[in-house]
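Computed from a predicted model, the values in this text were never measured in an experiment. A note on names: the letters A, B, ... follow the listed sequences, proteins ahead of strands, and every chain is numbered from 1.
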Amino acid sequence: MLYICKDKNYKMITENYISNEFCKAINNLYSQNVDIKLVQVQKTKKDFNGDYTINVFPFLKISKKSPEQTATEIGNYLKDSISAVSNFEVIKGFLNISFSNSFWVNKLNNISNIDSENIEHQNILIEYSSPNTNKPLHLGHVRNNLIGHSLSEILKANGNNVTKVNLVNDRGIHICKSMLAWQKWGNGITPEKANKKGDKLVGDFYVLFDKEYKKQVADLISNGKTKEEAEKNAGLIIEAREMLKKWEANDSDIFELWNKMNGWVYRGFEQTYNLLGITFDKTYYESQTYGLGKDAVLKGITTGTLIKKEDNSICADLTTEGLDEKILLRSDGTSVYMTQDIGTAIMRKKEFNADKMIYVVGNEQIYHFHALKLVLKKLGYEWYNSIFHLSYGMVELPEGKMKSREGTVVDADDLIQEMFDTAKTISLELGKLEGLTEKEIEQIIKIVGLGALKYFILKVDPKKNMLFNPVESIDFNGNTGPFIQYTYARIKSVLRKANDLGFAVNKSVGENIEINEIEKSIIKQIVNYNNIVSDAANELNPSIIANYIYMLAKDYNLFYHDYSILKEENEEKRNFKLLLSDITATKIKNCMSLLGIDVPERM
RNA sequence: GGUUCCGUAGCUCAGUUGGAUAGAGCAACAGCCUUCUAAGCUGUGGGUCGAGCGUUCGAAUCGCUCCGGAAUCACCA
């Protein structure tokens, strides 16, 4: 049997193709079949010669020869069977295969700017943001929003049909607290009168409530009450609970106040969302959804999958799954958070025919979502496993966790404004804004400031806790958003000059040119783009994109520094360099867009 | 106490379907702008990958034990 069939088309040659040829080599040389999955084609490490590396250790049992001899025999086979292979080297059990220059230039010529060929076409619903209307957005929310937005873009880039939803927590005892404080001590103040964003104003009253409440509790304790008694019986909390009852009874005065204050908050949120570029396809309000789920729970009683206790409360027994009993309806028949999430999940599943429902929610709710899935399973919803809790880590300050009520939070608006200010200061110091109009300047500092913030957050693996140090603030040098934006702006500048000189960027260039290591390295990374985008979607991890684009930008800067593009005398080579630059710029722009970050044409 | 997650350079982070000498940035120090944007590039120093044991030809990566940190275990959301 003759396996050797010279490839005529470089396009076919992928890592998978090489694996396949490797299997053929084993078959041919040692008359055995190996599972293609066992063949790991890796990128050759920088310190060694070669483009792809295969470790032959796992196949020594088959070859019954030394690592060196096995690798050499297979190397020889591959050199014959794949015409694009120019050379190979064997070091210990590592087979390092080099491909020809023309192979790599051909790869560059065939880069399509259409994303990903592995189109998924799933209906994916993603919930993120989910703010409370009793306080302004802080850095933790910013992380949530950026992750949610970026994941949506990444999933779309892989061909999925993505619906972005927000679930606003606009009711409950905590909302009543700020309402009550405003009623008592607000003297009719409004955002306009206070000259303050509405969400900030309402947040102030929430903090004020907590302060006054703590005073009352302290008084009660000094009068001999236990801490628990004091916390339950303080006048303010009793008033807040009464207000909640009135709200649930549709009391018109309370409703009016509630609408008014929530309206202030929404206008405030809207501003912050606009600044960050966060949008949703649909917004749910808990005041409208909190009744959902009751029916499903009651049905669970009739089928016997849930337990009704003596006090009439209803719960799910999750002890066999390693969790505790979970209350689903209180003894007075009212529902809890879990009940609502059961209801909304069922509703959304139907409404969007969702194949997957992703919840971007902090890791403090791991238990909650674990329980949610198990309850849905118990209730007989077989799609319970299409729920995925993307639990992201906390943003911590050097002194620990942020706490709204204690005022130790990094406010989103303040932080964004600081980023703008820093971007402006640095740009002016570097003299980057000379000769630009006010409008252009404003646009650049906005793009760069936000770029720094967003990249800073998204380059970290979502599931890990991360630290933000307000004193050191966010950098603009090194592995940062501005560094990548700067690389883009530099390329654009070169391309503008090329255009002035009458050098067009050709879509494909001659393949018989010499390329150096750094140029090859850039091509390899560009070729890898689709894999990265698909990895990021599979892992639901924007940091994969961030790290990838950083590496590409870093390599490009090295190339840019060491080799002149416009002064290249060889026309073929100049065309190549222009194309390489142009495609790099496109990849930077695409990746940054997947992260929700803009790139400036100059900076 | 139970469950889950985390521990990599002084600091912030990459690297984990097991592969070669563990990488970046920041900070420190030393260089590079009559040359396409120096928000850049180059170099130097910096590590018992929390500790130990095990599995393996091979472990930062897998398993067990321990140490340290975080989250959670509500008729809150």
Problem set entry | Under-4.0 Å salt bridge between A/Glu321 and A/Lys377 | no
For this session: Both distances under 3.5 Å, Watson-Crick or G-U wobble: report the partner of B/C33, or none.
Result: none
For this session: Please report, rounded to the nearest Å, how far the P atom of B/U16 is from the NZ atom of A/Lys463.
Result: 10 Å
For this session: In whole angstrom, give the distance that lies between atom CG of A/Leu495 and atom C1' of B/U37.
Result: 13 Å
Exercise. Counting side-chain heavy atoms from CB outward, which of B/U4, B/A39, B/C11 is closest to A/Ile366?
Worked result: B/U4
Seminar exercise, completed: Between A/Lys92 and A/Pro482, whichever has its closest RNA chain B nucleotide further toward 5' is A/Lys92
Exercise. Is A/Glu519 paired with A/Lys573 through a side-chain N to carboxylate O contact shorter than 4.0 Å?
Worked result: yes
Seminar exercise, completed: A/Ile327 atom CD1 is separated from B/A74 atom P, nearest whole Å, by 10 Å
For this session: Examine the base of B/A39 for any acceptor or donor lying under 3.5 Å from a partner atom in the side chain of A/Ser427, and report the outcome as yes or no.
Result: yes
Exercise. Base, sugar-phosphate, or nothing for A/Leu467, non-hydrogen atoms under 4.0 angstrom?
Worked result: sugar-phosphate
Problem set entry | Sub-4.5 Å side-chain heavy-atom contact between A/Ile175 and A/Asp170 | no
Problem set entry | Touch class at under 4.0 angstrom, heavy-atom based, for A/Asn55 against every strand present | base
For this session: Give A/Ala489 one of three labels, base, sugar-phosphate or nothing, depending on what nucleic acid heavy atoms sit under 4.0 Å from its own.
Result: base
Exercise. Taking any strand in view, what nucleotide pairs with B/C11 in a Watson-Crick or G-U wobble way, both distances under 3.5 Å?
Worked result: B/G25
Problem set entry | Under-3.5 Å donor-acceptor pair between A/Thr53 side chain and B/A20 base | yes
For this session: May I ask whether A/Phe94 stacks on the base of B/A20, given the cut-offs of 5.5 Å between ring centres and 30° between planes?
Result: yes
For this session: Classify the side chain of A/Lys432 and the base of B/U37 as holding, or not holding, a donor-acceptor pair under 3.5 Å.
Result: yes
Problem set entry | Minimum-distance nucleotide to A/Asn363 side chain [options: B/A71, B/A20, B/C41] | B/A71
Exercise. Which one, B/U21, B/C36, B/C41, comes nearest to the side chain of A/Phe48?
Worked result: B/U21
Exercise. Please give, in whole Å, the distance from B/G23 P to A/Asp461 CG?
Worked result: 21 Å
Problem set entry | Integer-rounded Å distance: B/C13 P and A/Glu396 CD | 9 Å
Exercise. How is A/Gln40 classified with respect to the nucleic acid when contacts are heavy atoms under 4.0 Å: base, sugar-phosphate, or nothing?
Worked result: nothing
Exercise. How far, in whole Å, is B/G45 from B/A22 if one measures between their P atoms?
Worked result: 15 Å
For this session: Check the geometry between A/Tyr550 and B/A24 and answer yes if their rings are stacked (centres below 5.5 Å, planes below 30°), otherwise no.
Result: no
Problem set entry | Closest listed nucleotide, where the reference is the side chain of A/Leu430 and the choices are B/U37, B/A70, B/A39 | B/A39
For this session: Give a yes/no on whether any side-chain N or O of A/Lys45 is located under 4.0 angstrom from OP1 or OP2 of B/A20.
Result: yes
For this session: Kindly give the heavy-atom pair with the smallest separation between A/Ser581 and A/Phe559, and that separation in Å.
Result: OG-CE2, 4.1 Å
Exercise. Which nucleotide, in any strand shown, forms a Watson-Crick or G-U wobble pair with B/G52, with both distances under 3.5 Å?
Worked result: B/C64
For this session: Assign A/Tyr548 to base, sugar-phosphate, or nothing according to its heavy-atom contacts below 4.0 angstrom with the strands shown.
Result: nothing
Seminar exercise, completed: Of A/Lys459 and A/Ser493, the one whose nearest nucleotide on RNA chain B sits closer to the 5' end is A/Lys459
Problem set entry | Electrostatic pair A/Asp210-A/Lys177, nearest N-O below 4.0 angstrom | no
Problem set entry | Base-pairing mate for B/A38 - Watson-Crick or G-U, with both contacts under 3.5 Å | none
Exercise. Contact class for A/Asn469 (heavy atom, under 4.0 Å): base, sugar-phosphate, or nothing?
Worked result: nothing
For this session: Would you indicate which nucleotide in B/C26, B/A77, B/A39 comes nearest to any side-chain atom of A/Tyr337?
Result: B/A77
Problem set entry | Short side-chain N/O contact from A/Asn477 to OP1 or OP2 of B/G40, under 4.0 Å | yes
Exercise. OP1 or OP2 of B/A38 sitting under 4.0 Å from any side-chain N/O of A/Arg490?
Worked result: yes
For this session: Have a look at A/Leu566 and say if it touches a base, only the backbone sugar-phosphate, or nothing, with a 4.0 Å heavy-atom cut-off.
Result: base
For this session: Could you tell me whether A/Arg171 sits above the aromatic face of A/Tyr290, with NZ or CZ closer than 6.0 angstrom to the six-membered ring centre and within 45 degrees of the axis?
Result: yes
Exercise. Going by modelled atom types, is there a donor-acceptor pair between the base of B/A20 and the side chain of A/Asn96 at under 3.5 Å?
Worked result: yes
Exercise. With syn defined as a glycosidic torsion within 90 degrees of 0 and anti otherwise, which applies to B/C26?
Worked result: anti
For this session: Identify the heavy atoms of A/Pro462 and A/Pro542 that sit nearest to each other, and give their distance.
Result: CG-CD, 3.8 Å
Exercise. If only side-chain N and O atoms of A/Lys554 are considered, is one of them under 4.0 Å from the OP1 or OP2 phosphate oxygen of B/C41?
Worked result: no
For this session: Report which part of the nucleic acid A/Tyr367 touches: base, sugar-phosphate, or nothing (heavy-atom distance under 4.0 Å, all strands).
Result: sugar-phosphate
Exercise. Does any nucleotide pair with B/A20 by Watson-Crick or G-U wobble geometry, both distances under 3.5 Å, and what is it?
Worked result: none
Problem set entry | N/O (side chain, A/Lys464) to phosphate O (OP1/OP2, B/A14) under 4.0 Å | yes
Seminar exercise, completed: Looking only at B/A14, B/C41, B/A39, the nucleotide nearest the A/Asn547 side chain is B/A14
For this session: In whole angstrom, give the distance that lies between atom CZ of A/Phe476 and atom P of B/A38.
Result: 19 Å
Exercise. Which part of the nucleic acid, if any, lies within contact of A/Met603, taking any heavy atom under 4.0 Å across all strands shown: a base, the sugar-phosphate backbone alone, or nothing?
Worked result: base
Problem set entry | Inter-nucleotide C1' distance (B/C49, B/C57), Å rounded | 22 Å
Problem set entry | Sugar-phosphate only, base, or nothing, as touched by A/Phe483 at under 4.0 Å among non-hydrogen atoms | sugar-phosphate
For this session: Would you mind telling me which of B/A77, B/A38, B/C13 lies closest to the side-chain atoms of A/Arg330?
Result: B/A77
Exercise. Relative to each other, are the rings of A/Phe456 and A/Phe468 parallel, tilted or perpendicular (30° and 60° limits)?
Worked result: perpendicular
For this session: May I have the distance from A/Leu318 (atom CG) to B/U72 (atom C1'), rounded to whole angstrom?
Result: 15 Å
Problem set entry | Any donor-acceptor N/O pair, A/His389 side chain to A/Val361 backbone, under 3.5 Å | yes
For this session: Under a 3.5 Å limit for both distances, which nucleotide forms a Watson-Crick or G-U wobble pair with B/A70, could you say?
Result: B/U4
Exercise. Is the backbone N or O of A/Glu231 less than 3.5 Å from a side-chain atom of A/Tyr213, with the two atoms forming a donor-acceptor pair by type?
Worked result: yes
For this session: Using a 4.0 Å heavy-atom cut-off across all strands, classify A/Pro398 as base, sugar-phosphate, or nothing.
Result: nothing
For this session: Quickly work out the A/Ile457 CD1 to B/G25 P distance and round it to whole Å.
Result: 22 Å
